[in-house]
Structures are given as C-alpha cells and as structure tokens.
Asks: 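Below you'll find the structure I mean.
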Protein chains: 2
Amino acid sequence: MANVSVASVSRALNGHGGVTAETQQRIREVAARLRYVPHSAARSLITRRTHTIGALLPDLHGAFFSELIRGIDLAARARGLHLLVSSSHGDAEEAATALRAMQGRVDGFLVMTPHADEAFIEQNMPTPTPAVLINTHVPGHRHAVVDIDDRGGARAMVQHLVDHGRRRIVFIAGPEANNDVRERENGYREALEANGLGANQLIINGDFSEESGFRAAQAILGMNPRPDAIFAANDMMAIGCLSALAEAGVNVPGDIAVGGFDDIPMARYVSPPLSTVRVRIAELGETAMERLAQMIESGEDMVVPPRHVAGTELVVRASCGGSAPSRRRHAPPTGA
Amino acid sequence: MANVSVASVSRALNGHGGVTAETQQRIREVAARLRYVPHSAARSLITRRTHTIGALLPDLHGAFFSELIRGIDLAARARGLHLLVSSSHGDAEEAATALRAMQGRVDGFLVMTPHADEAFIEQNMPTPTPAVLINTHVPGHRHAVVDIDDRGGARAMVQHLVDHGRRRIVFIAGPEANNDVRERENGYREALEANGLGANQLIINGDFSEESGFRAAQAILGMNPRPDAIFAANDMMAIGCLSALAEAGVNVPGDIAVGGFDDIPMARYVSPPLSTVRVRIAELGETAMERLAQMIESGEDMVVPPRHVAGTELVVRASCGGSAPSRRRHAPPTGA
DNA sequence: AACCCCCATGAAAACGTTTACGTTCCGCGC
DNA sequence: GCGCGGAACGTAAACGTTTTCATGGGGGTT
C-alpha cells in the first residue's frame with residue numbers, strides 16, 4: 001500500500017475519477033513498482049464481466065479455421081477482449097459439453113458447428129449470453145447470424161462455366177449434414193435452371209476429402225455422355241479430381257474444366273492452377289467478432305444485429321478454361 | 001435451494017465426499033433442473049485456479065500454427081483445461097502486453113515468440129506461474145522448454161543430398177532473429193563439415209516468403225560454378241525456388257535438387273513434389289501442453305521437466321532426386 | 001445403558017475486487 | 001464568522017464460491 005485505501009487504488013487504476021491526478025499518479029507508480037496486477041477473477045465476480053469471448057469451432061484443422069481464428073483474434077484484441085477457443089470434434093454431445101464448460105467464463109459466444117440446429121441452440125445456449133452463430137442457418141432471432149454466401153459463390157462459378165460453353169456440369173457434393181454444401185448445391189441448381197439447363201443436374205456425393213474427389217472423377221470419366229466440367233464443393237476434392245484426370249490423361253481444361261470452392265492456398269499451386277471461389281474468411285471472423293462485441297456492449301436491452309452475409313469472389317485460373325488465368329505468379333494471394 | 005446449504009451443494013457438485021450419496025444425487029438433480037452452473041470467477045477467486053492455460057503465439061496464420069493449436073487444444077481438453085490464445089503480431093511490446101493481460105487469468109503459459117530472449121522472459125514472466133517455452137532457446141531453468149530438432153532435421157536433409165552426389169549445396173536462410181533458422185543453418189553447416197565439404201558453404205538470405213525463395217533461386221542461377229542443390233529453410237521459399245527454376249527451364253532434380261523444411265500440405269502438390277523435413281507439429285503442441293499440465297499439478301514444489309526435443313522426419317519426394325519418390329499419391333499426408 | 005467416535009451437515013470466514021455511502025476537509029458566499 | 005456544498009478519500013457491503021470449524025445425531029463398544 002501507498003498510504004491509500006483499496007478503494008482509491010481501484011479508482012486510480014480504472015481511471016473512473018474521484019481521485020486527484022496527483023494521487024492517481026502516485027498509486028500507478030507504486031502499482032508498477034510492485035508489479036501489481038488486479039486479480040481478474042475477483043474483478044469478474046463483482047463486475048460480471050470477463051472480457052473474454054468463447055469461440056466454439058467444429059475443428060481446428062486446416063487453412064479455413066486458421067484464417068477464421070486469425071480474423072477473430074484480430075478483432076478481439078482490437079477491443080481488448082480475450083479469446084477462449086474450443087473445438088467440438090464432430091460430436092454434438094462434445095459441443096454441448098464445451099459450451100457448458102465455457103458458461104460463465106465468457107461474455108459472449110462465437111459458435112460455428114454443424115450440430116447447431118434449433119434444438120441444440122435452444123438446449124445449450126444460455127439465453128442471457130450474447131452469441132453469434134457463424135454459418136449456421138438457424139432462424140432464431142435471439143442470436144446474431146453471420147454467413148458465407150455459399151449460394152452466390154456457387155452460382156457465380158457455374159455461371160462462369162456456362163458462359164464458356166460448358167453444358168454438362170457435374171457437382172461433387174460434400175457431407176450431407178453440412179450447411180455450406182447444401183447452399184453450394186442450391187447455387188449450382190439455381191445457376192443451371194437460370195440457364196435453362198435444369199435437366200442437366202449431375203450430382204455425385206463426396207466427403208470433402210481429396211480421396212473422395214479422386215474417386216468422383218473416376219466415376220465421372222465413366223459417364224456417358226462425358227461431362228465437360230466438374231464443380232467440386234471444396235478445393236480438396238477438386239484437387240483430387242485433377243489428380244485423377246491427369247492420371248487418366250484427360251486434358252484440363254480442354255476436355256473437362258474443373259472448379260473448386262474455398263481458395264485454399266494450395267489452389268494456386270496445383271497443375272493446372274485451380275479456379276475456385278474465394279471466401280474472405282478472416283473477414284468473416286472479424287465481422288462475427290465485431291457483431292458480438294456490439295451485442296455485449298449494448299447490455300441489457302440487447303440489440304441483435306441483422307444477418308450478415310460475407311461475400312465471395314470468383315477466382316479464375318487455368319483449370320476452368322475461362323479467360324487467361326488471372327493468377328500472377330508471385331503476387332501473394334490476397335487475404336492469405 | 002433443495003433443503004440444503006450452499007456448503008453441501010459445493011460438496012455434492014465437486015464430489016469431494018462428506019455428503020451422502022443420496023443427497024448428492026438429489027442436489028445434482030436439482031442443479032440440472034435449474035440449469036445451475038457454478039460461477040467460475042467466484043470459484044477461481046478462492047481456489048486460485050482458473051483451469052485455463054494461455055498460449056502466446058507469434059501469429060495465428062498458416063498451417064504451422066493451425067497444427068500447433070490443434071495439438072495444444074487436444075491435450076488441453078483431454079485434461080479439462082481451457083485454452084486462451086493470443087497472438088503477438090511481431091512486436092515485442094505487444095507480446096509483453098499480451099502476457100500481462102493474461103496474467104492471473106491463467107494457470108500457466110505456453111509461450112512461443114521470437115522476442116522471447118532472456119531479458120524478455122525475466123521482465124514479463126511472473127515467476128510463480130508455470131510456463132513452457134516452445135522453440136525458444138533460453139537457457140533459464142525456471143521454465144520448461146520444448147524444441148524442434150531443427151538441427152537434426154537439417155543435417156538429415158543435407159546428408160541425403162550429399163549421399164546422392166550433390167556437392168555444391170546452397171542454403172537459403174530465413175529471418176535472422178529466428179531461432180529455428182539459426183539451428184537449421186547450424187545443421188546445414190555440420191552436415192557439410194561432417195562430409196568434408198566445409199569449404200562449400202553457400203548461404204543466401206531470405207525471409208521465409210515464396211517471393212524471397214524465387215529471388216534466391218534467380219541469384220543462384222547466376223552463380224558460377226552453378227550449385228547442384230538448394231536447401232531452403234522452409235517450404236514456401238523452396239516452392240518459390242521451384243517456380244523460378246521452372247521458369248528458367250532448369251530441370252529439377254536433374255540439374256538442381258531442391259529441399260525444404262516443414263512439410264506443409266502444399267509440398268506434396270507442387271511440381272515436382274517437394275522433398276522436405278517433416279515436423280510433427282501437433283505432437284509438439286501436445287507435448288508442450290502435457291509438460292505444462294504436469295508443472296501446474298506439481299504445485300508448490302514445481303518440478304521443471306527437462307528440455308524436450310521433438311524429432312523430425314525426412315520426407316523424400318521427387319524434387320531432391322533421391323530414391324523413387326516415397327509419396328503415394330492418395331494416401332493422406334500423415335499427421336496433416 | 002452410557003459413552004465415544006465418526007460422519008453428515010450447517011455456519012461463517014475468506015478470496016480481491018468494485019461501488020454505494022459516509023466522512024472529512026477546504027473554499028466560498030452570505 | 002458561520003454555514004454550506006463539493007471534492008477526495010475511507011469504510012464496508014457485496015459478488016459466489018470453497019473450506020474450516022462447529023454441531024448434532026446415530027451407531028458401535030464397553
């Protein structure tokens with residue numbers, strides 16, 4: 001102590017006023033000298049604020065989540081918030097457990113999980129805690145929602161293929177439970193229908209793995225008449241396709257054009273470079289975090305911001321045989 | 001309340017005994033019905049345990065950190081610990097701030113930052129808090145250290161190149177401040193000397209970016225006599241080399257062999273597939289986390305485990321012209 | 001039948017803050 | 001000169017747990 005009561009210390013360090021500039025100065029000096037740090041638990045106990053937000057993600061693996069976390073972290077630290085991460089490895093029960101474990105430890109949730117259907121939300125999300133649902137099409141109005149424009153991106157890709165003369169476009173789907181996939185498939189369908197090709201729907205199931213893309217391409221090569229384009233629901237499957245096609249001696253994009261989704265860093269490096277749909281993932285995370293911060297600050301009469309949809313961007317490279325590849329060899333991929 | 005005092009509730013929920021099985025049962029039922037969750041701040045206040053560990057990383061970008069966090073998360077959740085992440089974007093001051101901000105909020109630190117020299121540690125790490133330093137060559141004995149065997153990995157790669165007849169091997173270094181790079185360079189040197197090639201040291205500086213690898217390769221092409229192998233301190237630079245060499249019409253590995261370090265996912269997909277040194281990153285994170293948990297549990301008379309060095313693994317693919325590429329086309333890369 | 005010990009339970013202190021509420025002191029106006 | 005207002009600061013309550021200690025009751029032993 002520096003000849004002063006705990007109350008004054010609190011006031012001095014929090015800068016709430018009610019204390020002379022001089023004593024504030026003195027207290028701060030002493031605090032620094034003593035390497036005093038306020039006990040955050042005690043503070044949280046009385047303040048009911050933890051200055052921490054909890055992120056529940058389906059997995060922490062791969063470029064997607066890396067980018068997402070990065071965006072979230074960026075926005076969080078800009079606001080002086082801490083980030084508590086947790087992955088819910090596939091299992092819905094595990095996700096619920098993780099959510100419960102974070103309960104009370106955080107001021108708000110950032111939730112992205114395939115298990116987040118309405119019942120799950122209802123059951124496991126404490127009403128008073130603000131939450132932003134990422135990429136989760138739940139109609140509820142109690143939580144904010146931030147989505148990727150999967151449908152629009154898929155439409156753009158298919159439209160591009162159609163514009164360049166492709167007519168028999170196969171879509172390689174992903175795991176059925178996945179919302180993104182459903183939306184990408186919807187976009188595929190809409191684009192075909194918009195071009196009077198509704199009857200040409202060709203859908204093969206995959207599971208997001210390179211392997212499944214490889215197998216899908218083999219199946220496609222056996223189809224008659226042979227398709228002239230493949231649109232995979234993600235880049236890894238598209239890359240699997242490229243392998244299979246190369247192995248079979250099929251020319252890409254001459255014989256078959258290939259498009260993916262995500263624009264993972266690798267997409268630029270495969271041969272031929274993969275056309276794909278870029279999602280500004282870090283931006284998605286930032287937006288979600290910003291929304292959440294806003295909800296938290298709004299306090300009692302919480303305002304739930306309207307649904308936000310993160311745009312996508314068609315990245316044309318050699319694999320889809322469109323215009324000259326827009327890939328400049330040594331420009332770093334934007335946003336990556 | 002269920003006809004019982006707060007003390008009994010505490011005992012029932014924590015299972016410390018001192019309460020009838022019957023009442024414990026009853027209390028738990030009521031708690032579940034009321035969706036009661038203990039206030040973690042209050043608990044931390046008295047327990048002086050947060051059940052949270054703080055991870056300070058230099059960045060959250062890219063495959064490396066994605067893997068690292070994944071490993072950490074895995075080990076953390078296996079022990080029921082929460083994970084607070086923070087990136088210290090480059091700046092040492094920022095790292096210090098982040099560390100201070102986590103102070104008191106966590107039971108232990110996982111620190112990986114290029115700024116973690118001795119002074120930094122001394123200044124910013126609160127002595128009583130357990131900490132594990134990842135990939136940080138600080139001699140202090142107060143903290144545990146977990147490292148990558150950069151030197152051994154580099155030696156293995158260079159030895160492999162020498163074994164296959166290469167004699168003029170260029171090393172492309174990374175940012176000077178980086179510990180990994182220094183060690184990789186040491187390994188390079190040691191391997192050359194061990195083979196009586198100590199006089200053939202050829203080192204070019206890079207900065208870990210693809211671009212710098214590209215430029216380095218151009219420089220190398222101008223050297224006389226021309227080197228017959230390139231060993232880049234990381235995969236991205238190696239990939240930049242491949243681009244430059246392909247552009248110049250140089251045959252890889254015929255004219256020049258190329259090796260990288262990290263085994264990023266992309267390494268398998270470039271052309272030719274890149275030989276590299278794999279680091280089991282997730283394992284590194286897991287080990288670090290386990291050590292930390294061990295230190296935390298050991299309590300007052302904290303035992304600091306001895307330095308642990310995560311092994312590396314030479315991954316031979318086509319780019320180094322060794323034996324037939326060991327890459328099986330559709331086996332998923334192990335550990336990725 | 002009396003005593004003792006142990007176990008289940010309750011009461012209360014403690015953890016380290018924030019904040020509402022007093023208290024003191026100073027300066028100013030009447 | 002007296003009173004009054006306001007600013008600076010101290011006192012103490014409150015936050016929700018855990019844990020120590022006290023209390024009571026039941027069962028076993030002598």
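This is a predicted model, so every value here is computed, not measured. In the text below, chain A, chain B and the rest are named by the order of the sequence lines, each starting its count at 1.
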Asks: Please give, in whole Å, the distance from D:dA8 P to A:I27 CD1?
Replies: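 Checked: the CD1 to P distance equals 13 Å.
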Asks: If you check the B:L45 side chain, which of C:dT9, C:dC15, D:dT17 turns out closest?
Replies: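 Closest nucleotide among those given: C:dC15.
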Asks: Which of these nucleotides, C:dG10, C:dA14, D:dG10, is closest to any side-chain atom of B:A7?
Replies: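 Per side-chain heavy atoms of B:A7, the pick is C:dG10.
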Asks: Please report the distance, rounded to the nearest Å, between CZ in B:R11 and P in C:dG10.
Replies: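 Roughly 8 Å, once rounded to whole Å.
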Asks: Let's see if you can work this out: which of D:dG10, D:dA12, D:dT17 has an atom nearest to the side-chain heavy atoms of A:V6?
Replies: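 Between D:dG10, D:dA12, D:dT17, the one nearest the side chain of A:V6 would be D:dA12.
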Asks: Grab the CG-P distance between A:L34 and C:dG16 for me, whole Å please.
Replies: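 Whole-Å distance recorded here is 14 Å.
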Asks: Of the candidate nucleotides C:dT9, D:dG10, D:dT18, which contains the atom at the shortest distance from the side chain of A:S8?
Replies: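 Of the options given, the side chain of A:S8 lies nearest D:dG10.
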Asks: Rounded to the nearest Å, what distance is computed from the CG atom of residue B:N14 to the P atom of nucleotide D:dT17?
Replies: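 After rounding, the reported distance stands at 10 Å.
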Asks: Please answer whether the main-chain N or O of B:S40 pairs with a side-chain N or O of B:S44 as donor and acceptor at a distance below 3.5 Å.
Replies: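 Side chain of B:S44 to backbone of B:S40: a pair is present.
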Asks: Where each residue is assigned the nucleotide of DNA chain C containing its nearest heavy atom, which of B:T23 and B:I46 is assigned the position nearer the 5′ end?
Replies: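 Comparing both residues, the 5'-ward one is B:T23.
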Asks: Between atom CZ in A:R49 and atom P in C:dT19, what is the gap in whole Å?
Replies: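 Answer to the nearest Å: 12 Å.
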Asks: State which of D:dG10, C:dT9, D:dT17 makes the closest approach to the side chain of A:S5.
Replies: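 Looking only at heavy atoms from C-beta outward on A:S5, the closest nucleotide is D:dG10.
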Asks: Picking from C:dT9, D:dT18, C:dG16, which would you name as closest to the side chain of A:A42?
Replies: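 Nearest nucleotide to the side chain: C:dG16.
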Asks: Measure from OH on B:Y36 to P on D:dG16 and round the result to the nearest Å.
Replies: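 Atom OH in B:Y36 sits about 10 Å away from atom P in D:dG16.
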Asks: Less than 3.5 Å apart, any donor N or O on the side chain of A:D107 or A:T50 sitting next to an acceptor on the other?
Replies: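 A:T50 and A:D107 do have a side-chain donor-acceptor pair below 3.5 Å.
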Asks: Quick one: label A:S10 by what it contacts on the DNA or RNA (base, sugar-phosphate, nothing), any heavy atom closer than 4.0 Å.
Replies: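 The answer is base, as A:S10 lies within the cut-off (heavy atoms under 4.0 Å) of a base atom.
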Asks: B:L13 CG to D:dT17 C1': how many Å, rounded?
Replies: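 Going from CG in B:L13 over to C1' in D:dT17 covers 11 Å.
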Asks: Mind calculating the distance between NE2 (B:H51) and C1' (D:dT17) to the nearest angstrom?
Replies: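 About 12 Å, once rounded to whole Å.
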Asks: Do any N or O atoms from the side chain of B:D147 and from the backbone of B:N135 form a donor-acceptor pair under 3.5 angstrom?
Replies: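 Yes, the answer is positive, given that a donor and an acceptor are paired below the 3.5 Å cut-off.
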Asks: Go through the N and O atoms of the side chain of B:R48 and the base of C:dG16, and report whether any donor-acceptor pair is under 3.5 Å.
Replies: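 Per atom types, no contact qualifies.
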Asks: Can you confirm whether the side chains of A:Q294 and A:E290 place a donor and an acceptor under 3.5 Å from each other?
Replies: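 The answer is no; no qualifying pair exists.
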Asks: Taking it one step at a time, do A:R77 and B:E94 satisfy salt bridge (charged side-chain N to carboxylate O under 4.0 Å, His left out)?
Replies: CA-CA 11 Å; A:R77 71 181 0 231; B:E94 234 177 320; 2.7 Å; yes
Asks: Determine the contact category for B:S40: base if any of its heavy atoms lies under 4.0 Å from a base atom, sugar-phosphate if only primed atoms, P, OP1 or OP2 are that close, otherwise nothing.
Replies: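 The answer is nothing, as B:S40 stays clear of every strand by at least 4.0 Å.
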